[in-house]
Protein chains: 2
Amino acid sequence: MNKKNKSLSKNQKLVLDFIQGNKKPVKAYSILSNVQKKGINAPPQVYRALDKLIEMGKIHKIESQNSFVACSTSDCETPHAIAFSICNNCDEVSEINDSKLFKYLLDFRDSNGVKFAGYNLEFFGICKSCEQIQKV
Amino acid sequence: MNKKNKSLSKNQKLVLDFIQGNKKPVKAYSILSNVQKKGINAPPQVYRALDKLIEMGKIHKIESQNSFVACSTSDCETPHAIAFSICNNCDEVSEINDSKLFKYLLDFRDSNGVKFAGYNLEFFGICKSCEQIQKV
DNA sequence: AGCATAGTGTTATATTATAACATAAAATAT
DNA sequence: ATATTTTATGTTATAATATAACACTATGCT
Ligand SMILES: [Zn+2]
Ligand SMILES: [Zn+2]
Ligand SMILES: [Zn+2]
Ligand SMILES: [Zn+2]
């Protein structure tokens, strides 16, 4: 069976549900405190679920924020080749889905000619709605 | 005076010296323990110096590793538009200096037409020397 | 049934980073 | 040259993020 279709364990479901219920990325300990009523008690249970969900491409980690966000393209084909835009004003994060960009980066070779297996790209700027507000 | 040429404070010099003395990225608490004989006592002193050095473009933070590395192009013009290659085998990190890539990314616009002020890009793969070793 | 793999629950602890406050040094302006 | 502002320092305590280690349970496979 395809890794993508593997069914989720109880803790994995709980954690994924919470992450998917949030528009913005969430922190591990925020996840923990929100799933405690549902039977998850301690950090390792959350971090284990996070690790697996990342492997499956269901969620991504925003490295610059130590936070976690649901994959917006259902399950990323390549969980280690991802790009985000991050608003410096409101911390909103959105996943960039641009095949031209993906191809450019996956084809990129460094000065030694090394081609990479994956990448993590985080763009920073002001999101459209924050821009609007500032103009007013 | 240009921000780039601002002279460094005592703690900033100590921290920068240590980072520049290492080929691989170093962790904040490793910096701390190595500069303690030289008069820095506590984490905030290290983190403050790190913050300033990042602002100045003298060092960069490797977000996926919570580690810090000296800028390899002396002082980055744009400390918030940086790219690295990271070896999944030996954790070696090297700064990518590719003007075509930089231009591509700084000119990139998302699906809303938003152009970004900066980015952080981390490529993952196997470095050339690790590749060699595996072949033998 | 027997075995291997993956998931759980738990305690303790390691690692990374910041808050808060008092003081000192430096740069800038009058 | 001195008052003012800005930047840096030193210190203690604590917050926030993440993992080690170990005992146990559930699931899937042969
Ligand atoms: Zn995705
Ligand atoms: Zn915004
Ligand atoms: Zn640089
Ligand atoms: Zn390597």
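Proteins come first, then strands; the chains are lettered A, B, ... in the order of their sequence lines, and each starts at number 1.
Ring orientation note: the planes of A:Tyr119 and A:Phe102 are tilted relative to one another, at an angle of 30° to 60°.
One can place CG of B:Leu8 at 10 Å from P of D:dT9, the figure rounded to the nearest angstrom. The CD atom of A:Glu55 sits 13 Å away from the C1' atom of C:dG7 (whole-angstrom rounding). The distance from atom CD of B:Gln65 to atom P of D:dA18 is 14 Å, rounded to the nearest whole Å. Distance B:Asn11 CG to D:dT11 C1': 13 Å, rounded to the nearest Å. Residue A:Lys61 contributes atom NZ, which lies 17 Å from atom P of D:dA16 at whole-angstrom precision. Atom CG of A:Leu53 and atom P of C:dA6 are 16 Å apart (whole Å). In this structure, the CG atom of A:Leu32 is 15 Å from the C1' atom of C:dT8, given to the nearest Å. One atom, NZ of A:Lys13, and another, P of D:dT27, lie 10 Å apart when rounded to the nearest Å.
Here the closest heavy-atom approach between residue B:Leu121 and residue B:Leu101 is recorded as CD2-CD2, 4.2 Å. Here the closest heavy-atom approach between residue A:Ile86 and residue A:Glu122 is recorded as CD1-OE1, 3.7 Å. Between A:Lys38 and A:Lys10, the closest heavy-atom pair is O-CE, 4.3 Å.
A:Ile54 and A:Met56 fall within a single hydrophobic cluster, where Ile, Leu, Val, Met, Phe, Trp and Tyr are joined by side-chain heavy atoms under 4.5 Å apart, directly or via other members.
Side-chain nitrogen and oxygen atoms of A:Lys27 include none within less than 4.0 Å of the OP1 or OP2 phosphate oxygen of C:dA17. Contact check, A:Tyr47 against D:dT19: no side-chain N or O comes under 4.0 Å of OP1 or OP2. The side chain of B:Asn66 contributes no N or O atom lying less than 4.0 Å from OP1 or OP2 of C:dT15.
Nearest to the side chain of A:Arg48, among D:dG10, C:dA17, C:dT10, sits C:dT10. Among the nucleotides C:dA17, D:dT17, D:dT9, the one closest to any side-chain atom of B:Ser9 is D:dT9. The side chain of A:Lys10 sits closest to C:dG9 out of C:dG9, D:dG10, C:dT16.
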Do B:Ile31 and B:Leu50 pass the side chain to side chain contact (heavy atoms under 4.5 Å, CB included) test, and can you show the C-alpha distance, the side-chain angles, and the key distance before you say yes or no?
-> CA-CA 10 Å; B:Ile31 297 169; B:Leu50 289 171; 3.9 Å; yes
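Screening A:Leu14, A:Asn22, A:Val15 for a side-chain contact (heavy atoms from CB on, under 4.5 Å) involving A:Phe18 leaves a single residue, A:Asn22.
Here A:Tyr29 packs flat against the base of D:dT17; its ring centre is closer than 5.5 angstrom to the base's six-membered ring, tilted by less than 30 degrees.
Within residues 34-45 of chain B, the residues having any heavy atom closer than 4.0 Å to DNA chain D are, in order of number, B:Asn41, B:Ala42, B:Pro44, B:Gln45.
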